[in-house]
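These notes concern the structure reproduced below.
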Amino acid sequence: MNLDAVRQQFEQIAFDYDGLIPRLIPYYREQHDLILQLIPFETNASIKVLDLGAGTGILSALILQAFPQANVAAFDMAENMLKICQTNLSAFQERLTLQQGNFAEDDFGSGYDLVVSGLAIHHLDGAEKQTLFKKLFQSMNSGGILLIRDIVTGATPRLTEQYEQLWRQYIKANGEDDAACFKSYLEEDIPSSVEEQTNWLAEAGFADAGCHWRYLNFAIFGGVKS
Ligand SMILES: C[S@@+](CC[C@H](N)C(=O)[O-])C[C@H]1O[C@@H](n2cnc3c(N)ncnc32)[C@H](O)[C@@H]1O
């Protein structure tokens, strides 16, 4: 994995990210409605939240708005993404902490009731994902929930290829350069299947490890720490 190349890419696209990402990811905004519905806490709960690979803070903003007592740690390795996050979420600055680091290696804190991660963990290979899931389990409180939305492979190579081709059509139909996107996907992304990842979550100790939503090579999945 060339994590430095991934970081450089996000440093460069940070200022365009919020406008670009819904044109690259099918049902991007609709996924947010489901993520909020899957969070089991009362809206006035004082929850401690980690947004892993927070980027410009899209998921952090969602949670800070819906849970007025929540405190969110937005963790990301790209400085420019965090700069945009700070600007976008300035209204929430008292409940937001920005942390720069690599979640595969660095400490991201503990005591979390909710961990969300969007489109970030697929930059790790299978072994690194398994290590991260164990580290996430340790970082969470009992009763805590983990929700991951990410790019995934199909259950077979043929299905993966079919989903990837349909994904390219989506990108192209939105006027974006599907060939360039697909090239950087092949060079930098290491998606795993939902089935593998929910098994790894269960092995890490999570209960109710499962998939909540899926469309082609995108999924929302996770587990709870009982
Ligand atoms: C595609 S953006 C996702 C932003 C947002 N979470 C969303 O759902 O739209 C992926 C972000 O993950 C960050 N990222 C990827 N791998 C990381 C790692 N190992 N440690 C910290 N941040 C990472 C990148 O810097 C980037 O900002």
Side-chain angles (χ1 to χ4, degrees), residues 1-36 38-39 49-65 72-89 96-109 114-133 135-136 139 146-152 167 171 176 180-182 184-185 187-192 212-213 215 217-222:
M1 174 191 55
N2 186 351
L3 208 57
D4 204 46
V6 175
R7 190 180 60 76
Q8 287 300 337
Q9 196 203 18
F10 284 108
E11 298 292 10
Q12 280 167 21
I13 67 162
F15 300 93
D16 299 321
Y17 182 84
D18 290 355
L20 182 63
I21 197 70
R23 302 204 296 274
L24 304 184
I25 308 296
Y27 298 110
Y28 181 76
R29 294 196 179 95
E30 290 79 358
Q31 292 173 33
H32 298 165
D33 298 334
L34 177 59
I35 288 169
L36 275 185
L38 288 166
I39 298 172
V49 183
L50 172 65
D51 183 356
L52 207 63
T56 58
I58 286 171
L59 293 180
S60 296
L62 192 73
I63 291 158
L64 286 161
Q65 264 158 17
V72 175
F75 189 98
D76 203 285
M77 64 181 175
E79 189 180 358
N80 286 343
M81 294 295 267
L82 287 176
K83 274 187 191 160
I84 304 288
C85 180
Q86 188 165 32
T87 305
N88 285 352
L89 276 62
L96 176 72
T97 312
L98 303 178
Q99 289 179 41
Q100 191 177 359
N102 170 5
F103 54 63
E105 290 176 358
D106 299 324
D107 182 19
F108 44 70
L114 168 66
V115 178
V116 291
S117 183
L119 302 170
I121 295 175
H122 68 268
H123 292 113
L124 304 183
D125 67 24
E128 290 166 329
K129 286 186 186 96
Q130 290 177 69
T131 303
L132 176 69
F133 291 167
K135 194 169 146 189
L136 280 173
S139 79
L146 167 68
L147 292 169
I148 298 170
R149 67 110 160 252
D150 214 346
I151 187 163
V152 296
W167 177 36
I171 296 171
E176 296 299 332
C181 287
F182 199 64
S184 79
Y185 161 75
E187 285 170 0
E188 292 169 10
D189 296 354
I190 320 170
S192 304
H212 307 297
W213 176 90
Y215 178 76
N217 52 338
F218 296 92
I220 298 173
F221 58 97

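Just the heavy atoms: all of them, side chains too, but no hydrogens, waters or symmetry mates, feed the values below. Just follow the structure's listing: the first ligand is 1, and inside any ligand the first atom is 1.
Under the 3.5 Å distance criterion, the side-chain polar atoms of Asn217 are left unmatched by any main-chain donor or acceptor of Ile151. Between the side chain of Glu188 and the backbone N or O of Val6 there is no donor-acceptor pair closer than 3.5 Å. Remark: the backbone N or O of Lys83 is not paired with any side-chain donor or acceptor of Gln86 at under 3.5 angstrom.
Here the shortest heavy-atom distance to atom 6 (N) of ligand 1, taken over Gly55, Ala14, Gly53, Gly101, belongs to Gly53. When the options Leu132, Ile21, Asp76 are ranked by their closest heavy atom to atom 13 (C) of ligand 1, first place goes to Asp76. For atom 17 (C) of ligand 1, the nearest non-hydrogen atom from the set Phe108, Phe103, Phe10 comes from Phe103.
Using a 4.0 angstrom heavy-atom cutoff, His123 counts as in contact with ligand 1. Within the 4.0 Å heavy-atom shell around ligand 1 one finds Arg149.
The ring of Trp213 has its center no closer than 6.0 angstrom to the ring center of Phe218. Taking the six-membered ring where the residue is Trp, the centroids of Phe108 and Phe103 are separated by 6.0 Å or more.
Looking only at side-chain heavy atoms (C-beta outward), Phe75 and Thr97 stay at 4.5 Å or farther from each other. Counting heavy atoms from C-beta outward, Lys129 and Ile121 have side chains that approach closer than 4.5 Å.
Those atoms of ligand 1 that come under 4.0 Å of a heavy atom in Leu3, given as number and element, are 19 (N). Near Gly118, the atoms of ligand 1 lying under 4.0 angstrom from a non-hydrogen atom of the residue are 3 (C), 4 (C), 5 (C), 6 (N), 7 (C), 8 (O). The ligand atoms of ligand 1 that sit less than 4.0 angstrom from a heavy atom of Ala54 are 4 (C), 5 (C), 6 (N). Below 4.0 Å from some heavy atom of Ala78 lie the following atoms of ligand 1, by number and element: 25 (O).
The N/O atoms of Met81, backbone and side chain alike, include none that comes under 3.5 Å of an N/O atom in ligand 1. Ligand 1 has no nitrogen or oxygen under 3.5 angstrom from a nitrogen or oxygen of Thr56. Considering backbone and side-chain N/O of Tyr28, one or more are found under 3.5 Å from N/O of ligand 1.
Looking at every heavy atom in both residues, Leu52 comes nearest to Ser117 through O-OG, 2.9 Å.
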